[in-house]
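Order of the sequence lines fixes the chain letters, A, B, ..., with proteins taken first and strands second; residue numbering starts at 1 for each chain.
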There are 2 protein chains.
Amino acid sequence: MKGERKEEILATASMLFSERGYNAVSMRDLAEALGIKAASLYNHIDSKKELLSTIVLSVAEEFTEGMNEIISSKTRTEEKLKAVIDLHVKITVEKSTDLYSLNNDWMHLKEPELSYFLDMRSCYEDNFRKILKQGVKLKEIEKLNIEVMLFSILSSLRRLNQWYSKKKGISESELSKQMKHVLLKGIIQN
Amino acid sequence: MKGERKEEILATASMLFSERGYNAVSMRDLAEALGIKAASLYNHIDSKKELLSTIVLSVAEEFTEGMNEIISSKTRTEEKLKAVIDLHVKITVEKSTDLYSLNNDWMHLKEPELSYFLDMRSCYEDNFRKILKQGVKLKEIEKLNIEVMLFSILSSLRRLNQWYSKKKGISESELSKQMKHVLLKGIIQN
DNA sequence: GTCTATAAAATGATAGAC
DNA sequence: GTCTATCATTTTATAGAC
């Protein structure tokens with residue numbers, strides 16, 4: 001089952017999920033937003049949960065691939081971290097609504113998709129951790145608690161979509177540049 | 001309607017909401033976790049949505065009060081920002097599960113509670129913005145995009161609860177200290 | 001590909017016995 | 001304060017006509 005109608009359904013579902021959350025959007029709501037009846041949706045998709053897993057796993061795989069490239073590049077720690085920020089900013093700009101489900105509704109995935117997602121997420125965080133640990137070892141970054149650094153930066157990057165969509169007037173490249181300064185060098189004047 | 005049974009219901013609801021989200025927790029689930037039947041809950045509470053608004057508004061008011069104190073204090077920008085971080089860390093440690101609903105389920109509030117919440121949130125963000133703007137003006141913090149600084153820091157602080165509960169071995173004071181360094185001075189070695 | 005009709009299950013909430 | 005029984009509504013999903 002593929003086709004542009006399905007893409008339309010996925011895009012609309014992603015938008016509605018990002019506004020109200022997976023469980024608060026009924027198949028009737030989704031159908032109405034598309035101008036059809038709920039039963040008609042099932043000509044294009046198998047189930048509601050298929051919508052969620054398609055949306056979530058697709059972005060998760062994009063992050064996984066991006067991170068694998070970064071990890072295998074032979075650059076300095078700061079360059080690796082900047083590449084991670086670029087990756088998040090890029091996906092935020094391109095797939096803003098999908099990120100909502102990734103961040104907030106992943107726990108409604110069913111097995112085996114849930115395990116697949118959790119594996120990818122663990123792997124991503126582990127790679128991020130490795131970058132930070134090596135940076136500390138090479139004295140390229142401050143000797144601070146690894147978990148605090150990891151989750152503080154990751155929280156900012158993961159939440160980017162929730163305010164970027166509302167705030168106009170900042171380009172992708174400018175956002176990237178600003179995020180790099182704020183996340184890597186802080187905001188206090190030296 | 002008050003009493004310790006109600007407090008018990010609220011605490012259990014907060015925990016379940018933090019695991020699965022408001023809409024995925026049924027009154028039957030909640031009752032079962034308390035060892036009673038769903039109908040019995042209604043002897044202590046009026047409705048499911050009352051649970052959500054009690055949880056969310058209580059923490060939101062705590063943030064509002066804390067921020068009002070910080071804003072009216074006559075300290076330097078860096079001290080004000082450190083006080084904001086302390087406020088978030090303190091509430092994270094004390095009310096970890098409540099913060100989940102505040103961050104993820106506030107949109108399921110009904111009027112007039114929804115407007116009340118949104119007003120408090122806007123007010124909080126405006127006060128935070130004022131601190132940053134004055135800091136830039138006084139050259140106490142870097143001249144970066146205010147919105148990027150605001151939402152980057154706020155995202156980290158708001159997400160703190162999602163990993164703090166899982167990671168043991170770091171005290172409240174140590175977490176506060178580390179967060180201040182990461183959020184204010186960055187992680188790159190000078 | 002969309003519709004109407006409907007099944008089967010789950011949901012928030014109430015009534016009334018004990 | 002908790003229970004059983006039940007209601008009204010909403011939910012995901014299917015069957016079959018057009």
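Between the A:S73 side chain and the A:I70 main chain, a donor and an acceptor come within less than 3.5 Å of each other. At distances below 3.5 Å, at least one donor-acceptor pair connects side-chain atoms of A:N103 with backbone N or O atoms of A:L99.
Of the residues in residues 34-41 of chain B, those with a non-hydrogen atom less than 4.0 angstrom from any atom of DNA chain D are B:I36, B:K37, B:A39, B:S40. Less than 4.0 Å separates DNA chain C from at least one heavy atom of each of the following residues of residues 13-26 of chain B: B:V25, B:S26.
For A:R28 and A:E32, the salt-bridge test fails: no basic side-chain N is under 4.0 Å from an acidic carboxylate O. The pair A:K95-A:E62 meets the salt-bridge criterion, with a side-chain N (NZ, NE, NH1 or NH2) lying under 4.0 Å from an Asp/Glu carboxylate O. Salt bridge absent: B:E113 and B:K49 never bring a charged side-chain N and a carboxylate O closer than 4.0 Å. The pair B:K167-A:E125 fails the salt-bridge criterion, with no side-chain N (NZ, NE, NH1 or NH2) lying under 4.0 Å from an Asp/Glu carboxylate O.
Here the P atom of nucleotide C:dA10 and the CG atom of B:D29 are 11 Å apart, to the nearest Å. Remark: C1' of C:dA10 and CD of B:E32 are 14 Å apart, rounded to the nearest angstrom. Between the P atom of D:dA13 and the NE2 atom of A:H44 lies a distance of 15 Å, rounded to the nearest Å. Between the NZ atom of B:K48 and the C1' atom of D:dT9 there is a distance of 14 Å, given to the nearest Å. Distance, A:R28 CZ to C:dA10 C1': 13 Å, rounded to whole Å. Atoms CD1 (A:I45) and P (D:dA13) sit 7 Å apart, rounded to a whole Å. When the P atom of D:dA13 is taken as reference, atom CG of A:L30 falls 12 Å away, rounded to whole Å.
Centroid-to-centroid, the aromatic rings of B:Y124 and B:H88 come within less than 6.0 Å.
With B:L41 as reference, B:M27 is the one residue of B:K48, B:M27, B:R5, B:K6 to meet the side-chain contact (heavy atoms from CB on, under 4.5 Å) rule. Exactly one residue among A:Y100, A:W106, A:F17 makes a ring-ring contact (aromatic ring centres under 6.0 Å, His included) with A:Y22. That residue is A:F17.
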*With side chain to side chain donor-acceptor pair (under 3.5 Å) as the test, would you mind laying out the steps for B:S122 and B:D119 before giving the verdict?*
CA-CA 5 Å; B:S122 294; B:D119 282 349; 5.5 Å; no
What nitrogen or oxygen pairs link the protein and nucleotides 16-18 of chain D at under 3.5 Å?
none

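A close approach under 4.0 Å does not occur between any side-chain nitrogen or oxygen of A:Y42 and OP1 or OP2 of D:dT14.
Remark: B:Q189 CD to A:L184 CG distance equals 13.5 Å, nearest 0.5 Å.
Residue B:R5 is classed as a sugar-phosphate contact, given heavy-atom separations below 4.0 Å to backbone atoms only.
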